[in-house]
Amino acid sequence: MDLIASLDRKLTALDEQSLTRRRRVVDTPSAPRLVVDGRPMLAFCSNDYLGLAAHPLVIEALREGASLYGAGSGASHLVSGHGRAHELLEERLAAFLGPHLESARALSFCTGYMANLAMLTALGADADAEIFSESLNHASLIDGARLARASVKVYPHADLDALAALLEASNASAKVVVTDSVFSMDGDLAPLPQMLALCEKHGAWLVIDDAHGFGTLGPHGRGALEHFDLRSSNLVYMGTLGKAAGVGGAFVAAHASVIELMIQRARPYIFTTAAPPALAHALLASLDIIGGDEGAQRRAHLQALIAHLDGELTPSRWQRPVSTTAIQPVIIGSNAEAMRVGAGLYRRGLWVAAIRPPTVPVDTARLRITLSAAHTHEEVTQLATALNELERTWDESQ
Ligand SMILES: *Cc1c(COP(=O)(O)O)cnc(C)c1O
């Protein structure tokens with residue numbers, strides 16, 4: 001009984017700080033219009049930025065993949081789980097990003113979380129290596145850096161001078177700079193061209209987590225690499241396949257030697273069952289769309305929606321930091337107020353995620369609006385109108 005009571009005390013403490021999280025049950029495929037806990041809702045929370053998760057061609061490819069390769073992979077990649085579809089997916093990704101990397105090769109993973117653990121433990125394997133990590137990095141990068149033997153230095157958000165000083169002072173055997181490209185809770189972009197110049201000057205790796213850029217940025221959807229036209233053998237690129245690509249999984253693309261080292265040494269790669277090959281097969285269809293005309297049209301529509309929200313949403317009590325990406329935060333401040341705003345929208349049939357610490361810094365609890373190419377202008381207007389009205393009629397004492 002004491003064991004349970006001590007857990008319950010922790011849970012009560014979370015509840016008192018408005019930090020309890022709850023899951024809602026969605027009955028319908030990923031789309032702006034969902035049925036949530038039995039109720040129709042208009043959602044602005046998914047990372048399905050191009051609306052591919054429920055795309056008929058991707059669904060059909062998943063069916064076909066299951067017929068061709070069965071339901072599961074049966075083993076890890078280094079035993080018998082590396083299927084033809086995984087191999088084709090990796091070849092396709094390496095060719096897609098090849099223009100930006102030297103001797104490009106790609107390695108697929110079940111999730112981005114695993115990919116980041118594998119990449120950082122491989123590059124930061126030695127105790128005399130150093131990882132330079134941006135302060136707003138995703139939890140999976142923070143955990144990857146912790147799991148690596150390298151020492152870790154955190155530099156402030158987008159602070160190039162601080163990063164330059166740390167690199168200058170370092171005599172590590174391997175220097176690894178790691179950053180989100182699009183910050184997942186703010187939507188802003190890291191200054192990647194300047195960071196790459198610094199990395200080249202100091203002989204450091206630049207590891208880019210492009211979870212929110214792959215598929216959405218660049219004329220062909222090649223993400224931050226294409227958006228900034230980055231080209232270097234110092235680049236190590238991580239893209240996720242469960243966001244804009246609409247399926248699941250992730251990959252690392254880099255010089256073939258980086259990939260070979262990960263296959264040989266990265267425990268989060270070696271000691272886990274390969275993803276079902278049918279997912280890789282579905283991803284080939286998704287990549288066809290991303291790299292083709294339809295992908296370009298979807299990206300253009302998404303950009304138009306971002307501009308539209310910008311014009312319609314005009315908060316004064318709450319802060320709206322500049323973001324040119326599909327991630328559009330509204331900073332509320334306190335946890336309790338953010339939860340109340342989220343609940344107010346929810347009562348109006350609008351679902352937007354309220355994000356609290358530790359996902360974001362204390363006192364910056366926020367609504368994280370995410371737009372998708374599957375939204376319409378009218379739906380964006382509906383959200384902006386509801387949020388503007390909630391603010392206008394806001395009652396502190398409520
Ligand atoms: C979502 C995300 C990940 C993790 O990817 P999964 O495939 O969901 O595990 C890693 N980094 C960033 C920045 C993300 O937003």
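Predicted model, so just to flag it, every value in this text is computed and none were measured. Note that ligands are numbered from 1 as they come in the structure, with each ligand's atoms numbered from 1 the same way. Here, residue 1 is the first one in the sequence, and each next residue gets the next number.
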K243 NZ to T216 OG1 distance, which is reported to the nearest 0.5 Å: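 Here the rounded value is 11.0 Å.
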Pull out every atom of ligand 1 sitting under 4.0 Å from any heavy atom of [X], numbered as shown with elements.
| X | result |
| --- | --- |
| A211 | 2 (C), 11 (N), 12 (C), 13 (C), 14 (C), 15 (O) |
| S140 | 10 (C), 11 (N) |
| N116 | 10 (C), 11 (N) |
| G112 | 4 (C), 5 (O), 6 (P), 7 (O), 9 (O) |
| D180 | 13 (C) |
| D209 | 10 (C), 11 (N), 12 (C), 13 (C) |
| H212 | 14 (C), 15 (O) |

Residue, atom name and distance, where the atom is the protein heavy atom closest to atom 2 (C) of ligand 1: K243 NZ, 2.4 Å
Atom 3 (C) of ligand 1: the protein heavy-atom neighbour that sits closest, reported with distance to 0.1 Å: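 Its nearest protein heavy-atom neighbour is H138 CE1, 3.4 Å.
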Polar contact flag, side-chain donor to acceptor under 3.5 angstrom, D209-N116: yes
S232 versus E200, side-chain donor and acceptor atoms under 3.5 Å: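 Yes, because at least one side-chain N or O of E200 sits under 3.5 Å from a partner of the opposite role on S232.
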Heteroatom distance test (Y113, ligand 1): nitrogen or oxygen, under 3.5 angstrom: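 For ligand 1, there is an N or O atom that lies under 3.5 Å from one belonging to Y113.
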Contact check: T240 vs ligand 1, nitrogen or oxygen atoms, below 3.5 angstrom: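 N/O-N/O distance under 3.5 Å: no.
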Shared hydrophobic cluster for L225 and F214 (ILVMFWY, side-chain gaps under 4.5 Å):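 Yes, same cluster.
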M185 reachable from V330 in the ILVMFWY side-chain graph, under 4.5 Å edges: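 Shared cluster, no.
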Test of ring centre spacing under 6.0 Å for H138 and Y113: no
Aromatic Y49 / basic R298 pairing, under 6.0 angstrom, 45° off normal: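 No, R298 does not sit over the ring of Y49.
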Quick one: side chains of residues 283-291, donor-acceptor pairs under 3.5 Å with protein atoms, not counting sequence neighbours, listed by atom name and distance.
unit_1: S286; atom_1: OG; unit_2: A245; atom_2: O; d: 2.7
unit_1: D288; atom_1: OD1; unit_2: R92; atom_2: NH1; d: 3.1
unit_1: D288; atom_1: OD1; unit_2: R92; atom_2: NH2; d: 3.2

